[in-house]
Amino acid sequence: MTTINFTLNGEPVSADVKPHHNVVEVLQRDFNLTGARESCGQGLCGCCTVIVDGKAVSGCLYLAIFLDGTQVRTIEGMADGDTLSPEQEAFIEAGAFQCGYCTPGFILMTRQLLDENPDPDDDAIKHYLSGNLCRCGAYLEIMEAVKLAARKRKGAANIG
Ligand code: FES
Ligand code: FES
């Protein structure tokens with residue numbers, strides 16, 4: 001086992017990991033964070049998305065040992081206490097899920113997209129989210145949710 005230290009959703013944490021442990025397994029086992037979940041296990045579906053030092057990674061492939069010294073954000077770190085993020089609100093209001101298995105990954109990627117491009121058109125949204133798959137086929141609602149999140153973020157910005 002090797003001890004790694006990193007920041008998880010704003011809190012300093014440590015974990016003992018073996019070289020083959022992936023990020024999803026350590027988040028679930030050591031921190032009881034189940035939002036990033038393994039589905040394909042091959043880097044193809046986005047269900048395991050986690051943000052490491054500002055970049056989206058596939059938690060099923062990313063080895064936990066490389067988290068040492070990083071800043072990690074998961075879906076559990078999106079809300080501010082009981083206040084949901086604009087992206088989370090938008091997915092609920094647009095009904096952009098059925099089983100919800102893919103939803104954490106989509107919401108994290110929506111945050112990434114809107115941080116880079118606050119006003120994406122349909123093609124930009126499809127391109128950015130092309131690494132995330134929804135087996136329930138909620139893509140039309142997901143597109144609406146991303147656009148709604150963009151509007152909500154602009155509204156929040158205007159208020160500020
Ligand atoms: S479970 Fe990691 S990309 Fe599908
Ligand atoms: S809502 Fe079920 S996989 Fe996307």
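Atoms within a ligand are numbered from 1 in the order they appear, just like the ligands themselves.
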> Could you tell me whether any N, O or S atom belonging to C134 is less than 2.8 Å from atom 4 (Fe) of ligand 2?
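True for C134.
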
> Out of all atoms in ligand 2, which are within 4.0 Å of some heavy atom of C136? Include the element for each.
1 (S), 2 (Fe), 3 (S)

> What distance separates C45 SG from R135 CZ, expressed to the nearest 0.5 Å?
7.0 Å

> Is any side-chain heavy atom of Y62 closer than 4.5 Å to one of V52?
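Sidechains of Y62 and V52: in contact.
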
> Evaluate the side-chain proximity of E116 to Y128: yes if any heavy-atom separation is below 4.5 Å, no if none is.
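Sidechains of E116 and Y128: in contact.
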
> Aromatic rings F106 and F91: how do their planes relate, parallel, tilted or perpendicular, breaks at 30° and 60°?
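Tilted: the ring planes of F106 and F91 meet at 30° to 60°.
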
> I need the atoms of ligand 2 closer than 4.0 Å to a non-hydrogen atom of R135, numbered in the order shown.
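Under 4.0 Å from R135, ligand 2 has these atoms: 3 (S).
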
> Please determine whether a side-chain nitrogen of the Lys or Arg among R151 and D119 lies less than 4.0 Å from a carboxylate oxygen of the Asp or Glu.
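Answer for the salt bridge query: no.
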
> A138: heavy atom below 4.0 Å from ligand 2, yes or no?
no

> As a test of understanding, state which of V17, V50, V57, T74 forms a side-chain contact (heavy atoms from CB on, under 4.5 Å) with V23.
V50

> Could you pull out every protein residue that has a heavy atom closer than 4.0 Å to ligand 1, ordered by chain and then number?
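Only E38, S39, C40, G41, G43, L44, C45, G46, C48, C60 have heavy atoms that fall under 4.0 Å of ligand 1, ordered by chain and number.
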
> Does R111 have any salt bridge (charged side-chain N to carboxylate O under 4.0 Å, His left out) partners at least two apart in sequence or in another chain, and if so, which?
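E87.
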
> Do the side chain of E141 and the main chain of G95 share a donor and acceptor less than 3.5 angstrom apart?
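Side chain of E141 to backbone of G95: no pair is present.
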
> Should you measure from each heavy atom of G100, which atoms of ligand 2 turn up under 4.0 Å away?
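In order of numbering, the contacting atoms are 1 (S), 2 (Fe).
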
